[in-house]
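Structure, as structure tokens:
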Amino acid sequence: MRDRECRFPTCHRPAHDTDLDHVIPYQRNGDTNTGNLIGLCRRHHRTKHTPGWHFHLTDTGSLHITTPTGHTYRTPRQYERRRRESTQRHPRLPSRTPLVGLRAGAAAGRTR
């Protein structure tokens with residue numbers, strides 16, 4: 001649920017098209033849990049394993065990526081960004097939307 005899309009900066013490939021990858025490699029005693037796994041699309045999964053790229057996942061779920069040229073990028077936890085975007089785009093709906101034009105029995109799923 002945390003990674004709804006590829007965690008690489010500016011990549012928005014949906015999670016169902018991503019690979020779960022260990023930030024600390026399994027061979028180096030990296031745990032297989034949410035604190036050490038990120039969703040990356042195949043392209044960025046391969047990029048991660050290219051020499052010079054370094055990925056670090058913080059305790060808060062933020063991902064820090066250092067490129068071979070030394071530039072560092074930070075990506076927030078995906079679900080926080082999604083929650084923030086969804087509340088900005090969609091106004092809050094009233095708690096109860098009245099059913100207009102339906103009889104009470106039909107609204108409850110009862111028919112005659």
Side-chain angles (χ1 to χ4, degrees):
M1 291 299 295
R2 182 192 66 202
D3 299 343
R4 296 184 180 179
E5 57 192 23
C6 178
R7 290 293 300 267
F8 203 85
T10 70
C11 184
H12 301 290
R13 196 171 296 264
H16 60 78
D17 288 336
T18 62
D19 301 329
L20 281 180
D21 187 41
H22 293 84
V23 177
I24 300 171
Y26 181 78
Q27 298 86 337
R28 294 188 197 148
N29 298 323
D31 292 331
T32 303
N33 60 37
T34 57
N36 191 40
L37 293 173
I38 55 172
L40 293 171
C41 69
R42 184 60 50 98
R43 175 179 178 206
H44 292 121
H45 186 173
R46 288 182 179 143
T47 299
K48 178 184 174 285
H49 294 289
T50 303
W53 288 85
H54 300 283
F55 285 59
H56 173 72
L57 191 61
T58 67
D59 293 339
T60 63
S62 177
L63 180 65
H64 296 252
I65 301 171
T66 305
T67 69
T69 60
H71 292 87
T72 302
Y73 299 91
R74 184 182 75 78
T75 62
R77 291 184 290 188
Q78 294 298 83
Y79 68 91
E80 276 190 353
R81 192 176 86 208
R82 286 285 192 193
R83 186 173 359 138
R84 193 170 46 244
E85 287 174 359
S86 67
T87 57
Q88 289 172 355
R89 278 192 244 150
H90 306 292
R92 187 175 195 110
L93 295 174
S95 59
R96 295 190 92 189
T97 304
L99 298 174
V100 179
L102 293 176
R103 295 181 311 231
R110 289 177 269 168
T111 58
R112 292 187 188 214

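A quick note: this is a predicted structure, and the numbers were derived from the prediction, not measured.
- With a 4.5 Å cut-off on side-chain heavy atoms, E5 and P14 do not count as touching.
- Every residue was checked against the ring-ring contact (aromatic ring centres under 6.0 Å, His included) condition with H54, not counting sequence neighbours, and none meets it.
- Remark: the backbone N or O of C6 is not paired with any side-chain donor or acceptor of T18 at under 3.5 angstrom.
- If you take CZ on R7 and CG on D21, they are separated by 12.0 Å, rounding to the nearest 0.5 Å.
- Summarising the geometry, atom NE2 belonging to H45 is positioned 9.5 Å from atom CG belonging to L20; distances are rounded to the nearest 0.5 Å.
- Residue I65 holds its CD1 atom at 6.5 Å from CD1 of I38, rounded to the nearest 0.5 Å.
- Between the side chains of T69 and T67, a donor-acceptor pair is found at a separation under 3.5 Å.
- In this structure a side-chain-to-backbone donor-acceptor pair under 3.5 Å is missing from S62 to T58.
- For Y26, the ring-ring contact (aromatic ring centres under 6.0 Å, His included) partners two or more places apart in sequence, or in a different chain, are H22.
- In this structure, R13 and C41 approach most closely via the heavy-atom pair CD-CB, 3.3 Å.
- Contact annotation: the side chain of N29 never approaches that of I24 to less than 4.5 Å [non-hydrogen atoms, C-beta and beyond].
- Between atom NE2 of residue H12 and atom CG of residue D17 there is a gap of 14.5 Å, rounded to the nearest 0.5 Å.
- Taking 4.5 Å as the limit, every side-chain heavy atom of L40 sits out of range of all side-chain heavy atoms of D19.
- One N or O on the side chain of N36 and one on the backbone of D31 form a donor-acceptor pair closer than 3.5 Å.
- Taking hydrophobic clusters as Ile, Leu, Val, Met, Phe, Trp and Tyr residues chained together by side-chain heavy-atom distances below 4.5 Å, V23 shares a cluster with F8.
- Counting only heavy atoms from C-beta outward, the side chains of W53 and T66 never approach each other to under 4.5 Å.
- With sequence neighbours excluded, no residue forms a side-chain contact (heavy atoms from CB on, under 4.5 Å) with T10.
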